[in-house]
S.K.: 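I have a structure here, written as structure tokens, and I will follow up with some questions on it.
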Amino acid sequence: MRIDILTLFPEIALAPLSDSIIQRARGAGLVDVRGHNLRDWSEDKHHRVDDSPCGGGPGMVLQPGPLHAAIMALKKENTRVILMTPQGAPLKQARVRELSSEGHLLIVCGHYEGIDHRIVETLIDEEVSIGDYVLTNGAIAAAILCDAVIRLLPGALGDSQSAVEESFSDPDLLEAPCYTRPIDFMGIKVPDVLLSGNHAKIKAWRREKAEERTRKNRPDLSDHA
Ligand code: 6GU
């Protein structure tokens with residue numbers, strides 16, 4: 001897979017992808033990730049890429065010229081062009097899984113108030129948000145999307161089971177609590193059932209705890225009452 005990230009802050013987007021599991025996946029050649037600075041496509045002598053919003057209001061808007069030139073230079077025949085924006089569709093694991101089988105992603109990062117909408121209409125395939133809160137910088141959101149996609153590439157995870165098992169799990173149910181040694185930590189014991197060796201009982205216990213946790217932390221997910 002190839003991923004290009006177009007942003008005013010390539011180093012912010014790439015920093016979280018330069019260590020640990022993701023760096024290992026990059027080193028193994030599973031993915032080629034590159035950052036590009038939008039300012040490199042500015043025709044302005046001060047490398048300007050933004051201007052004030054038409055109709056008034058606060059903040060600045062990324063101008064269409066540099067974005068158009070950059071996207072046209074970076075996109076190929078098979079490219080999926082994604083805009084990171086809090087106005088996008090909320091990212092879900094199912095979509096991450098679909099994106100992980102694309103050949104080429106071009107991730108465009110919004111900044112300030114957003115990007116000129118003529119670019120959204122003509123060159124962007126989909127707008128993606130990583131959640132209902134506002135970040136200063138779409139490059140942070142781009143790094144998160146990349147991490148989620150790259151860990152699903154075959155061979156990225158050390159224990160290849162992790163991604164497989166997860167892909168069969170219920171998207172409307174959180175995972176059960178987990179424990180490890182020591183069995184007694186500061187007087188708090190690991191639940192006996194997990195030490196019982198009774199796999200049917202363990203499975204039932206995990207289901208019950210998963211539903212309990214989902215009710216508490218994600219009442220918006222389907223009803224586990
Ligand atoms: Cl994709 N960008 C920014 N700037 N803020 C966000 C976001 C994206 N998703 C949620 N908040």
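Order of appearance sets the numbers: ligands from 1, and atoms from 1 within every ligand.
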S.K.: Which of the numbered atoms in ligand 1 are under 4.0 angstrom from any heavy atom belonging to M84?
M.R.: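 Close to M84: 1 (Cl).
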S.K.: Which protein non-hydrogen atom lies closest to atom 4 (N) of ligand 1, naming both residue and atom, and how far is it?
M.R.: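 Answer, as residue, atom name and distance: L135 O, 3.2 Å.
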S.K.: Under a 4.0 angstrom heavy-atom cut-off, which atoms of ligand 1 come close to A141?
M.R.: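 The list of qualifying atoms is 1 (Cl), 8 (C).
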S.K.: Does R118 pair with E121 as a salt bridge, N-O distance under 4.0 Å?
M.R.: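 Salt bridge flag = no for E121 with R118.
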S.K.: Do any N or O atoms from the side chain of S100 and from the backbone of V149 form a donor-acceptor pair under 3.5 angstrom?
M.R.: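 Such a contact is absent between S100 side chain and V149 backbone.
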S.K.: What residue and heavy atom of the protein are closest to atom 1 (Cl) of ligand 1, and at what distance?
M.R.: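 Of the protein heavy atoms, T85 N, 3.1 Å lies nearest.
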S.K.: Nearest protein heavy-atom contact for atom 9 (N) of ligand 1: which residue, which atom, what distance?
M.R.: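 Going by distance alone, atom 9 (N) of ligand 1 is nearest to I130 N, 3.0 Å.
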S.K.: Of all the non-hydrogen atoms in the protein, which one sits nearest to atom 10 (C) of ligand 1, and at what distance?
M.R.: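 Of every protein heavy atom, G131 O, 3.0 Å lies nearest to atom 10 (C) of ligand 1.
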S.K.: Between I115 and L83, is any pair of side-chain heavy atoms under 4.5 Å apart?
M.R.: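 Yes, their side chains come closer than 4.5 Å.
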S.K.: Spell out, as yes or no, whether a donor-acceptor pair under 3.5 Å connects the side chain of T85 to the backbone of G110.
M.R.: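 Looks like no, no N/O pair under 3.5 Å.
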S.K.: Non-hydrogen atoms of G88 versus ligand 1: any pair closer than 4.0 Å?
M.R.: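 The answer is no: ligand 1 sits nowhere under 4.0 Å from a heavy atom of G88.
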S.K.: Please check if any side-chain donor atom of H104 sits under 3.5 Å from a side-chain acceptor atom of D4, or the reverse.
M.R.: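 Indeed, the side chains of H104 and D4 share at least one donor-acceptor pair under 3.5 Å.
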S.K.: Tell me if a side-chain donor or acceptor on S42 pairs with a main-chain N or O of R39 at a distance below 3.5 Å.
M.R.: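 Answer holds: no.
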S.K.: Which heavy atom of the protein is the closest neighbour of atom 6 (C) of ligand 1, given with residue, atom name and distance?
M.R.: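 Heavy-atom neighbour on the protein nearest atom 6 (C) of ligand 1: Y133 O, 3.6 Å.
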S.K.: How far does CD1 of I107 sit from CG of L6, to the nearest 0.5 angstrom?
M.R.: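 Output value for this atom pair is 10.5 Å.
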S.K.: May I ask you to identify the nearest protein heavy atom to atom 7 (C) of ligand 1, giving residue, atom name and distance to one decimal place in Å?
M.R.: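 Ranked first by proximity to atom 7 (C) of ligand 1 is P86 N, 3.8 Å.
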S.K.: Heavy-atom contact under 4.0 Å between V128 and ligand 1?
M.R.: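 It does; at least one heavy atom falls under 4.0 Å.
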